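Below is one structure, written out as structure tokens, with a few remarks after it.
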Amino acid sequence: MNDASQATPVPEDEAFSPIRWQRDHLRLLDQTRLPHEEVWLECRSPQDVARAIRRLSVRGAPAIGVAAAYGLVLGILCLPSGKDLGKHFNGVIEHLGATRPTAVNLRWALEQGRQVFAGNSDKDAQSVAAALLLWAGQLHSQDVAANRRIGTYGEPLFSAGDRVITHCNTGALATAGYGTALGVIRAAWEAKKIKMVWVDETRPLLQGARLTAWELQRHGIPFRLVTDSSAGSILARGLADRVVVGADRIAANGDTANKIGTYPLAVLAHRHEVPFYVAAPISTIDPTTATGSDIPIEEREAAEVTEVIGTRIAPQGTGAANFAFDVTPAELITAIITDVGVLSPPYLETIQKALLQPKTSKGG
Ligand code: MRU
């Protein structure tokens, strides 16, 4: 096995899909080095993949899920001789699952991987790895297809000449390819509806300034980079028509966890009566999380706040809090754009209905 031809091929038109399986290892575009350098990391063990997820070399909820799926394949390929396959596999799942707590796509992918393993547990390690690789490849291409559907469903919500605010990075880099919120912007741009995009820089790790700007430049979509605190002024001056963001986890009632700074953006959009959209695949909805207050919020190292790209900006000894995500209450969300359709309030009902739908039909 170890043959990429056994995995479902990912469409070649994904100019910067950040995840590639190559023969017997995983290649990840190291997003900590962008936009200055395009460096591909070679992951040959689940530990390599876990490290890449933890340090945000691969990031964005859907991309984390797909990378973890390939991490499970590597887990089997790295099986130490004489070790019990089942015990070893559970350990790999735990190791990968402990990397980032908020993005539910990680847990979703690992649970699917567990089922693939269970369906093949009577086979030898090589065959189990082959089955997992086939599944991981399918997950990979399904995510690209889901993002394209999100774009198709989201585009009609836009009008010609729209100026859009977005936060963090939700493009091809944050997914297996194409993007969620940025995919919607891309689809609306292709339909000639986008005048320009306001890109929040997204402190502390600057995913907007480093990654969204990088992607929009490549698509030729006009944008201006702004500090996160500019949104109030932009909205008050009537300089934006819509806000569209991604999600790391959507609770059963529609409350949505996303990059820190999303919630204040939603409050401001509401204050200025500007539509606020969340774009995410169904895999980001977690029906087992009842409300936003049940979503675990990742806290990262203080150094990410006291430093900017390795340069200290606060006095030595400064204590800092680094909440990586916040929760936007459902009542501030105009619509949730998914791969099965556009969901409107009341989300408790529309989400439940959407989760039961086949992926190719329209939701509502
Ligand atoms: O910490 P990150 O960079 O992984 O955070 C990413 C986000 O918050 C994205 O908006 C979210 O994962 C959706 S990506 C399609």
Side-chain angles (χ1 to χ4, degrees), residues 14 16-19 28-34 52-68 99-109 143-144 146-151 154 165-186 199-215 228 243-250 256-266 276-286 295-301 304-305 322-328 333 336-339:
E14 284 318 314
F16 31 86
S17 176
I19 303 168
L28 296 173
L29 180 57
D30 186 351
Q31 301 186 31
T32 66
R33 311 279 284 268
L34 287 173
I53 294 174
R54 206 173 271 122
R55 68 188 294 274
L56 272 54
S57 292
V58 60
R59 45 144 301 280
I64 293 170
V66 173
T99 49
R100 297 198 74 188
T102 306
V104 78
N105 304 60
L106 173 64
R107 207 182 67 194
W108 173 85
D143 185 59
V144 180
N147 292 336
R148 288 193 178 272
R149 284 199 297 275
I150 291 171
I165 303 181
T166 193
H167 192 65
C168 196
N169 172 266
T170 59
L173 290 169
T175 61
Y178 198 73
T180 57
L182 212 60
V184 170
I185 291 173
R186 211 169 141 180
V199 176
D200 284 355
E201 62 175 354
T202 318
R203 271 286 283 152
L205 296 178
L206 304 170
Q207 288 93 329
R210 296 186 302 104
L211 309 176
T212 301
W214 188 82
E215 288 200 41
D228 297 342
V243 179
V244 55
V245 299
D248 277 78
R249 188 185 303 214
I250 300 172
T256 294
N258 191 49
K259 180 53 57 194
I260 192 83
T262 302
Y263 170 47
L265 193 52
F276 181 92
Y277 302 125
V278 169
I282 281 290
S283 52
T284 302
I285 298 177
D286 179 11
I295 300 177
I297 298 296
E298 177 181 356
E299 288 190 41
R300 296 183 59 87
E301 275 178 38
E304 290 179 354
V305 176
N322 187 5
F323 306 109
F325 301 97
D326 58 24
V327 175
T328 299
I333 301 170
I336 302 175
I337 308 165
T338 75
D339 49 322

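Atoms within each ligand, like the ligands themselves, are counted from 1 in listed order. This one's a predicted model, so the numbers in the text were calculated from it and none came from an experiment. As a basis for the values below, the full set of heavy atoms in this structure was taken, side chains included, without hydrogen atoms, waters or symmetry mates.
- For E298, the side-chain contact (heavy atoms from CB on, under 4.5 Å) criterion is met by R100, P101, T102, R300, A324, F325, not counting sequence neighbours.
- Taking CD1 from I333 and OG1 from T256, the interatomic distance works out to 3.5 Å, rounded to the nearest 0.5 Å.
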Between ligand 1 and the protein, tabulate every N or O atom pair separated by less than 3.5 Å, reporting distance only.
{"from": "ligand 1", "atom 1": "1 (O)", "to": "R100", "atom 2": "NH1", "distance (Å)": "3.4"}
{"from": "ligand 1", "atom 1": "1 (O)", "to": "R100", "atom 2": "NH2", "distance (Å)": "2.8"}
{"from": "ligand 1", "atom 1": "1 (O)", "to": "K259", "atom 2": "NZ", "distance (Å)": "2.7"}
{"from": "ligand 1", "atom 1": "3 (O)", "to": "R59", "atom 2": "NE", "distance (Å)": "2.5"}
{"from": "ligand 1", "atom 1": "3 (O)", "to": "R59", "atom 2": "NH2", "distance (Å)": "3.4"}
{"from": "ligand 1", "atom 1": "3 (O)", "to": "Q207", "atom 2": "NE2", "distance (Å)": "2.9"}
{"from": "ligand 1", "atom 1": "4 (O)", "to": "G60", "atom 2": "N", "distance (Å)": "3.0"}
{"from": "ligand 1", "atom 1": "4 (O)", "to": "R100", "atom 2": "NH1", "distance (Å)": "2.7"}
{"from": "ligand 1", "atom 1": "8 (O)", "to": "D248", "atom 2": "OD1", "distance (Å)": "2.9"}
{"from": "ligand 1", "atom 1": "8 (O)", "to": "N258", "atom 2": "OD1", "distance (Å)": "3.2"}
{"from": "ligand 1", "atom 1": "8 (O)", "to": "K259", "atom 2": "N", "distance (Å)": "3.3"}
{"from": "ligand 1", "atom 1": "10 (O)", "to": "N258", "atom 2": "OD1", "distance (Å)": "2.6"}
{"from": "ligand 1", "atom 1": "12 (O)", "to": "A61", "atom 2": "N", "distance (Å)": "2.9"}
{"from": "ligand 1", "atom 1": "12 (O)", "to": "D248", "atom 2": "OD1", "distance (Å)": "2.9"}
{"from": "ligand 1", "atom 1": "12 (O)", "to": "D248", "atom 2": "OD2", "distance (Å)": "3.2"}

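- Rounding to the nearest 0.5 angstrom, the gap separating the CD1 atom in I260 from the CG atom in L265 is 12.5 Å.
- The side chain to side chain donor-acceptor pair (under 3.5 Å) test applied to T170 returns no partner, not counting sequence neighbours.
- Between D286 and R249 there is a salt bridge, with a side-chain nitrogen of the basic residue lying less than 4.0 Å from a carboxylate oxygen of the acidic one.
- A search for side chain to side chain donor-acceptor pair (under 3.5 Å) contacts involving T262 returns N258, not counting sequence neighbours.
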